[in-house]
Amino acid sequence: MNRRTALKNTALGLGSLSLGKAIAATDAASGPLAQTNHSTCKWCYDSVPLEELCERGQDIGLKSVELLTVKDWPTLKKYGMTCAMGTLDAFSIENGWNEPANHEKLQEAYTVAIKDAADHGIPNLIVMSGNRRNMNDYDGMVNCAIGLRPMVKLAEEAGVTLQMELLNSKVNHPDYMCDHTKWGVALAEMIGSDRFKLLYDIYHMQIMEGDVIATIQKYHDYIGHYHTGGVPGRHEINDSQELNYPAIVRAIHETGFEGFIAQEYLPTYDDKIKALAEGLRICEV
């Protein structure tokens, strides 16, 4: 299959699916179940020191704090946690792999980051497409594949998975290229490695395309990680927003997914860890 055929075949529309209103949160004091591997994103808790987040997170069933760099990974290990999705200092959303001028700098940075991740037992590293800047989607996809293939080969050898995040370009990240699942899937087809996956952000993809459960069911083989967030507003995932997270998480588990589901919402509660605990309980189905 050539590149254009891969893109065409994966560009088929999804059937529509109406999601019901989100159900209320379950009791935040109940104990965690084994089925969901819980993670959260540190940037959502900037006011909470990492050690406090780890210490209190242990009590609510948290196994990972992510989007952290190598300097923070030893702290996580101290508390028996991992970083389910690592990042690096050279990380950028806007300046990514779709621009060939970025490849040399990114490849140098990711060569080090992949080795660091392997040395610390970090399973995944995040990558970004970058903004379009008037580039057409197919050319951007080809550029991403060219730049990422050498890194994916290193990742294969190291036992690390590179994952490109799907973001919305409607509200939060104007002009971002990897803003639809079918584009990310076509890129994954081009690269053709189990060590390249998509980070499916439920919040972002509800905004861009909807059909969350149908998309997960259709493309789960290409998805290696999930992020949550309430729509609209990117706050708690309880019944204050429009997504039915228990149904979504159930659909994720039904695909056989054994990775991490990370809470990535901005808590509105005075007690930020209580807000996180609520999200974890909602995702136990």
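- One finds the CG atom of Leu162 at 9.5 Å from the CZ atom of Arg195 (value rounded to the nearest 0.5 Å).
- Checking side-chain atoms of Asn98 against main-chain N and O of Gly140 turns up no donor-acceptor pair under 3.5 Å.
- A continuous path of hydrophobic side-chain contacts links Tyr138 to Leu148 [ILVMFWY only; heavy atoms under 4.5 Å].
- Residues Asn172 and Leu167 fail the side-chain proximity criterion, which asks for heavy atoms closer than 4.5 Å.
- Between Tyr222 and Glu189, some side-chain heavy-atom pair lies under the 4.5 Å cut-off.
- Going from atom CD1 of Ile191 over to atom SG of Cys144 covers 7.5 Å, rounded to the nearest 0.5 Å.
- By the rule that hydrophobic residues join a cluster once side-chain heavy atoms approach within less than 4.5 Å of another member, Trp43 and Val127 end up as members of one cluster.
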### Task
Please test Glu278 against Lys274 for salt bridge (charged side-chain N to carboxylate O under 4.0 Å, His left out), starting from the C-alpha separation and ending with a verdict.
CA-CA 6 Å; Glu278 179 186 78; Lys274 182 178 179 181; over 6 Å; no
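- The minimum heavy-atom distance linking Ile60 with Leu280 is given by the pair O-CD2, 3.3 Å.
- Classification of the Phe257-Tyr226 ring pair by plane angle, with boundaries at 30° and 60°, yields perpendicular.
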### Working for side chain to side chain donor-acceptor pair (under 3.5 Å), residues Gln206 and Glu242
CA-CA 10 Å; Gln206 170 67 1; Glu242 68 191 27; 2.9 Å; yes
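- Hydrophobic clustering (side-chain heavy atoms under 4.5 Å, transitive across Ile, Leu, Val, Met, Phe, Trp, Tyr) keeps Leu199 apart from Phe260.
- In this structure, Leu67 and Met85 have side chains that are in contact, with non-hydrogen atoms separated by less than 4.5 Å.
- One distance of note links CD1 of Ile282 with CD1 of Ile237; it measures 4.5 Å at 0.5 Å rounding.
- If you take CZ on Arg250 and OG1 on Thr255, they are separated by 13.5 Å, rounding to the nearest 0.5 Å.
- Put simply, the side chain of Thr268 reaches to within 4.5 Å of the side chain of Glu236, judged on heavy atoms.
- Residues Ile146 and Phe196 fall within the same hydrophobic cluster, defined by Ile, Leu, Val, Met, Phe, Trp and Tyr side chains chained together at heavy-atom separations under 4.5 Å.
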### side-chain contact (heavy atoms from CB on, under 4.5 Å) between Val65 and Met81, worked out
CA-CA 7 Å; Val65 182; Met81 292 191 180; 4.1 Å; yes
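- Here Glu52 pairs with Arg56 in a salt bridge; the nearest charged N to carboxylate O distance falls below 4.0 Å.
- Residues His180 and Met208 share a closest heavy-atom pair of CE1-CE, 3.3 Å.
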### Task
I would like to know whether His173 and Glu94 meet side chain to side chain donor-acceptor pair (under 3.5 Å); could you show each step before the answer?
CA-CA 8 Å; His173 302 285; Glu94 298 85 3; 5.3 Å; no
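- In this structure, the side chains of Tyr45 and Pro267 come closer than 4.5 Å at one or more pairs of heavy atoms.
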### Task
Test salt bridge (charged side-chain N to carboxylate O under 4.0 Å, His left out) on Asp175 and Arg133 and set out the steps.
CA-CA 7 Å; Asp175 203 42; Arg133 297 186 175 92; 5.7 Å; no
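- Contact detail for Gly279 and Gln263: the closest heavy-atom pair is O-NE2, 3.6 Å.
- The two residues His204 and Leu166 come nearest to each other via the heavy atoms CB-O, 3.6 Å.
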### Message
Set out, in order, the CA-CA distance, both residues' side-chain angles and the distance that settles side-chain contact (heavy atoms from CB on, under 4.5 Å) for Glu66 and Ile126, then state yes or no.
### Response
CA-CA 10 Å; Glu66 63 186 61; Ile126 192 169; over 6 Å; no
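- At a threshold of 4.0 Å, the pair Lys77-Asp72 does not count as salt-bridged, since none of the basic side-chain nitrogens sits closer than that to a carboxylate oxygen.
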### Message
For a ring pair (Phe, Tyr, Trp, His ring centres under 6.0 Å) check, start with the C-alpha distance between Tyr110 and Trp97, then their side-chain angles and the critical distance, and finish with the verdict.
### Response
CA-CA 12 Å; Tyr110 273 90; Trp97 293 94; 5.7 Å; yes
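- Of the inter-residue distances, the one linking Leu276 atom CG with Leu62 atom CG reads 6.0 Å to the nearest 0.5 angstrom.
- Proximity of Lys182 to Glu209: side-chain heavy atoms (C-beta onward) are nowhere separated by under 4.5 Å.
- In terms of hydrophobic clustering, with Ile, Leu, Val, Met, Phe, Trp and Tyr side chains grouped at heavy-atom distances under 4.5 Å, Tyr269 and Val48 are assigned to different clusters.
- Side-chain atoms of Gln241 come within 3.5 Å of backbone atoms of Asn238 as a donor-acceptor pair (strictly under, hydrogens ignored).
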#### Entry: Worked check of side-chain contact (heavy atoms from CB on, under 4.5 Å) between Ile122 and Val160
CA-CA 7 Å; Ile122 304 303; Val160 174; over 6 Å; no
#### Entry: side chain to side chain donor-acceptor pair (under 3.5 Å) between Ser39 and His225, intermediate numbers included
CA-CA 10 Å; Ser39 183; His225 197 75; 5.3 Å; no
### Query
Yes or no on salt bridge (charged side-chain N to carboxylate O under 4.0 Å, His left out) for Glu156 and Lys153, after CA distance, side-chain angles and deciding distance?
CA-CA 5 Å; Glu156 289 171 346; Lys153 187 175 186 302; over 6 Å; no
### Message
Working note: Thr82 + Lys63, criterion side-chain contact (heavy atoms from CB on, under 4.5 Å); need CA distance, chi angles, decisive distance, verdict.
### Response
CA-CA 7 Å; Thr82 189; Lys63 298 180 181 179; 5.7 Å; no
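- With salt bridges taken as basic N to acidic carboxylate O contacts below 4.0 Å, one links Lys78 and Glu51.
- The two atoms that bring Leu266 and Cys44 nearest to each other are CD2-CA, 4.1 Å, heavy atoms only.
- Atom-to-atom distance recorded for Leu88:CG and Asp116:CG is 9.0 Å, nearest 0.5 angstrom.
- For Asn168 against Tyr203, the heavy-atom pair with the smallest separation is ND2-CE2, 3.9 Å.
- Using a cut-off of 4.0 Å between Lys/Arg side-chain N and Asp/Glu carboxylate O, Glu264 and Arg234 are scored as salt-bridged.
- Asn136 CG: more than 12 foreign heavy atoms inside a 6.0 Å radius.
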